[in-house]
Amino acid sequence: MLVDKVKILIAALATTGALTTTAQADTWQVGANIGNVPWEFQDETGAFVGFEIDLVNEVASRLGHDVEIVNIPFNGLFSAVQSGRADLAISSITITEKRLESVSFAQPYYDSDQSLTVVEGGPASVADLKGKVVGVDTGSTGDMWATEQSDTAGFTEIRRYEGLAPAMLDLGAGRIQGYISDIPALLYYVKDKPNLKVVARIETGERYSMMFDKNAELAGQVNEVLTALKNEGVIAGLHEKWFGATPEDTTSTVAVMDMP
């Protein structure tokens with residue numbers, strides 16, 4: 001009888017372990033640089049919200065998964081997907097040829113450029129930043145652009161930040177004279193802050209998507225769902241929700257595109 005009870009206990013533990021493993025596998029670990037408005041940030045209750053939070057939750061739901069958001073500095077998102085600590089990453093991540101050498105992306109869903117944000121009355125253009133200190137997000141395309149243009153533009157220094165919030169603090173305090181970053185995030189951020197102004201669009205022709213480990217099978221699965229969400233107008237609806245405007249039909253928010 002004791003042997004039978006032990007067998008039952010072992011079987012129960014084995015079943016519980018199997019269920020736990022399945023439950024964990026059903027939850028995606030999604031790396032995100034929280035504080036990146038309006039893509040992924042915390043609302044007044046502390047909940048994670050934003051365009052890409054809504055989008056990744058919808059994609060996961062359609063594939064039968066839950067989502068756990070893991071807050072990771074932008075520059076750490078790449079190693080997170082490559083090491084398997086994250087199944088995928090979001091944070092207005094631009095698809096570039098260099099990045100495609102080591103990671104994979106699903107089709108893009110947002111077209112963007114860089115921008116220059118200053119304190120009201122500050123530099124009116126990139127040319128006015130000669131001899132001044134500029135801020136960027138570490139490892140971002142804004143960082144890449146500023147680094148490439150540093151000698152030509154004559155920046156005194158490029159200071160690198162882990163997210164928008166600390167950069168805005170330094171901009172307001174005068175420790176940097178300009179902040180170069182993605183234009184949609186900055187237009188959203190400054191709309192209720194009269195002391196800050198986006199004074200220049202820096203055309204870079206960027207497109208954002210979800211990022212995965214190189215050749216990950218999940219990238220293709222997510223790509224198929226993004227196609228369906230575009231055809232159903234779901235992503236266009238998220239654009240209207242977060243930006244208050246209907247996206248143009250020619251943009252990657254609406255048009256179905258190939259995986260890069």
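Numbering starts at 1 and runs along the sequence shown.
Side-chain contact of Ser209 with Gln107: a donor-acceptor pair under 3.5 Å is absent, judged by distance alone. Using a 3.5 Å distance cut-off with no hydrogens or angles, the side chains of Asn33 and Glu40 do not pair a donor with an acceptor. Under 3.5 Å, the side chains of Asp54 and Trp242 contain a donor-acceptor pair of N or O atoms. Using modelled atom types and a 3.5 Å distance limit, the side chains of Thr141 and Glu206 yield a donor-acceptor pair. With no hydrogens or angles considered, no side-chain donor-acceptor pair links Glu52 and Tyr110 at under 3.5 Å. Residues Thr27 and Glu68 have side chains that never bring a donor and an acceptor to within less than 3.5 angstrom of each other. Between the side chains of Ser112 and Tyr208, at least one donor N or O sits under 3.5 Å from an acceptor N or O. For the 3.5 Å distance criterion, the side chains of Asp111 and Ser252 qualify, holding a donor opposite an acceptor.
Taking every heavy atom of both residues into account, Pro38 and Ala185 meet most closely at CD-CA, 3.8 Å. When all heavy atoms of Asp66 and Ala60 are compared, the closest pair comes out as O-CB, 4.5 Å.
In this pair, Phe243 and Phe51 present their aromatic rings tilted. The plane angle is within the 30 to 60° band. Ring geometry, Phe155 versus Trp145: the interplanar angle falls from 30° to 60°, so the pair is classed tilted.
Lys191 forms a cation-pi arrangement with Tyr188, by the criterion of a distance under 6.0 Å to the ring centre and an angle within 45° of the ring axis.
The side-chain heavy atoms of Trp28 and Leu218, taken from C-beta on, include a pair separated by under 4.5 Å. Residues Trp39 and Ile90 form no side-chain contact, since every pair of their non-hydrogen atoms from C-beta on lies 4.5 Å or further apart. Proximity of Val199 to Thr117: side-chain heavy atoms (C-beta onward) are nowhere separated by under 4.5 Å. Between Met257 and Arg207, some side-chain heavy-atom pair lies under the 4.5 Å cut-off. With contacts defined as side-chain heavy-atom distances shorter than 4.5 Å, the pair Phe212/Val81 does not qualify. Taking the side chain as every heavy atom from C-beta outward, Thr246 and His239 never approach each other to under 4.5 Å. The closest side-chain heavy-atom distance from Leu116 to Ser125 is not below 4.5 Å. In this structure, the side chains of Met210 and Leu55 come closer than 4.5 Å at one or more pairs of heavy atoms.
There is a path of hydrophobic side-chain contacts, each under 4.5 Å, that joins Val103 to Ile72. Hydrophobic cluster membership is shared by Ile202 and Val134, with clusters built from Ile, Leu, Val, Met, Phe, Trp and Tyr side chains linked at under 4.5 angstrom. Neither Leu187 nor Val118 shares a network with the other; the hydrophobic side chains, linked directly or stepwise wherever heavy atoms of I, L, V, M, F, W or Y lie under 4.5 Å apart, form separate groups for each. Side-chain heavy atoms closer than 4.5 Å link hydrophobic residues (I, L, V, M, F, W, Y) into clusters, and following such links, even through other members, never connects Phe74 to Leu169. Residue Leu77 is not grouped with residue Phe48 when hydrophobic side chains (ILVMFWY) are merged at heavy-atom distances under 4.5 angstrom, including chains of intermediate members.
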Check the pair Gln221, Glu224 against side-chain contact (heavy atoms from CB on, under 4.5 Å), reporting the backbone distance first and the verdict last. CA-CA 5 Å; Gln221 297 172 0; Glu224 291 181 6; 5.9 Å; no
For Val225 and Val59: C-alpha separation, side-chain torsions, deciding distance, then whether side-chain contact (heavy atoms from CB on, under 4.5 Å) applies. CA-CA 6 Å; Val225 176; Val59 170; 4.1 Å; yes
side-chain contact (heavy atoms from CB on, under 4.5 Å), that's the test. Do Arg62 and Val234 meet it? Break it down for me. CA-CA 13 Å; Arg62 296 208 177 194; Val234 173; 4.1 Å; yes
Evaluation steps, side chain to side chain donor-acceptor pair (under 3.5 Å), between Tyr161 and Asp170: CA-CA 10 Å; Tyr161 297 88; Asp170 274 7; 2.7 Å; yes
Walk me through it: do Thr152 and Gln149 pass the test side-chain contact (heavy atoms from CB on, under 4.5 Å)? CA-CA 5 Å; Thr152 302; Gln149 299 296 319; 4.3 Å; yes
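Within a 6.0 Å radius of CG in Asp43, more than 12 heavy atoms belonging to other residues, nucleotides or ligands are found. Around CG of Asp258, the count of heavy atoms belonging to other residues, nucleotides or ligands within 6.0 Å does not exceed 12. Within a 6.0 Å sphere centred on NZ of Lys130, heavy atoms belonging to other residues, nucleotides or ligands number 12 at most. No more than 12 heavy atoms of other residues, nucleotides or ligands lie within 6.0 Å of CD in Glu217, so this atom counts as exposed by the packing criterion. Annotation: Asn195, atom CG; neighbour count of heavy atoms from other residues, nucleotides and ligands within 6.0 Å is above 12. The local environment of CD in Glu58 is crowded, with over 12 non-hydrogen atoms from other residues, nucleotides or ligands closer than 6.0 Å. For Lys197, the NZ atom counts as loosely surrounded, since its 6.0 Å shell holds 12 or fewer non-hydrogen atoms of other residues, nucleotides or ligands. Within a 6.0 Å sphere centred on CD of Glu248, heavy atoms belonging to other residues, nucleotides or ligands number 12 at most.
Of the inter-residue distances, the one linking Leu196 atom CG with Tyr179 atom OH reads 11.5 Å to the nearest 0.5 angstrom. In this structure, NZ in Lys193 is found 14.5 Å from CD in Glu120, a value given to the nearest 0.5 Å. Atom CD1 of Ile93 and atom CG of Asp182 lie 10.5 Å apart (nearest 0.5 Å). Taking CG of Asp113 as the reference point, atom CZ of Arg201 lies at 4.5 Å (rounded to 0.5 Å).
Using a distance-only test at 3.5 Å, with no hydrogens or angles considered, a donor-acceptor pair links the side chain of Asn57 to the main chain of Ile53. In this structure, Ser83 contributes its side chain and Ser79 its backbone to a donor-acceptor pair below 3.5 Å. Side-chain atoms of Glu162 never come within 3.5 Å of backbone atoms of Pro73 as a donor-acceptor pair (strictly under, hydrogens ignored). Checking side-chain atoms of Lys230 against main-chain N and O of Ala255 turns up a donor-acceptor pair under 3.5 Å. At least one donor-acceptor pair under 3.5 Å links the side chain of Asn71 to the backbone N or O of Ile34.
Checked for salt-bridge contact, Glu97 and Arg99 miss the test: no charged N lies under 4.0 Å from a carboxylate O. A salt bridge does not link Arg160 to Asp137: none of the charged side-chain nitrogens sits closer than 4.0 Å to a carboxylate oxygen. Under a 4.0 Å N-O distance rule, the pair Arg175/Glu157 does not qualify as a salt bridge.
Of the options Asn36, Leu186, Asp143, Val136, a side-chain contact (heavy atoms from CB on, under 4.5 Å) to Ser181 is made by Leu186 and by none of the others.
Considering only residues two or more places apart in sequence or on other chains, Ser140 meets the side chain to side chain donor-acceptor pair (under 3.5 Å) condition with none of them.
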